[in-house]
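Sequential numbering from 1 along the given sequence is applied to the chain's residues. On a predicted model such as this, the values are computed, not experimentally measured, just so you know.
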Amino acid sequence: AKKEGKDAESLERELDNLRQQMADSSEAMKDLAERFEKAKQAAKNGDLDELAQQLEQAGKEFEKMEGELEDLEQAG
């Protein structure tokens, strides 16, 4: 019975971790969407410096998300 209790606790912790990762992922997607919206506005306004900056930041955020996805795949 103790083993089952520990297994259940372990599964509950893993579920909590997955929930947190999903929340973090959702937030990252929002941030990425905001970057693209700002980039669109910069392009519309002809502000090439701002456009480049937003696209660069979006690229960095995307690379971070890719790294996190790879970590999840390796953990699973």
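Contacts of Leu18 classified as side chain to side chain contact (heavy atoms under 4.5 Å, CB included), with partners at least two apart in sequence or in another chain: Glu14, Gln21. By the side-chain hydrogen bond (donor to acceptor under 3.5 Å, both in side chains) test, Arg13 pairs with no residue at all, sequence neighbours left out. For Glu61, the side-chain hydrogen bond (donor to acceptor under 3.5 Å, both in side chains) partners two or more places apart in sequence, or in a different chain, are Arg35. Residues passing the side-chain hydrogen bond (donor to acceptor under 3.5 Å, both in side chains) test with Asp16, sequence neighbours excluded: Arg19.
Hydrophobic clustering, defined by side-chain heavy atoms of Ile, Leu, Val, Met, Phe, Trp and Tyr closer than 4.5 Å, groups Met65 together with Met29, Leu32, Phe36, Leu48, Leu51, Leu55, Phe62.
Residue pairs meeting the side chain to side chain donor-acceptor pair (under 3.5 Å) criterion with at least one partner in residues 24-34, sequence neighbours excluded, are Gln20-Asp24. The salt bridge (Lys or Arg N to Asp or Glu O under 4.0 Å) analysis of residues 42-59, with sequence neighbours excluded, yields the pairs Glu56-Lys60.
Residue Asn17 holds its CG atom at 10.5 Å from CD of Glu12, rounded to the nearest 0.5 Å.
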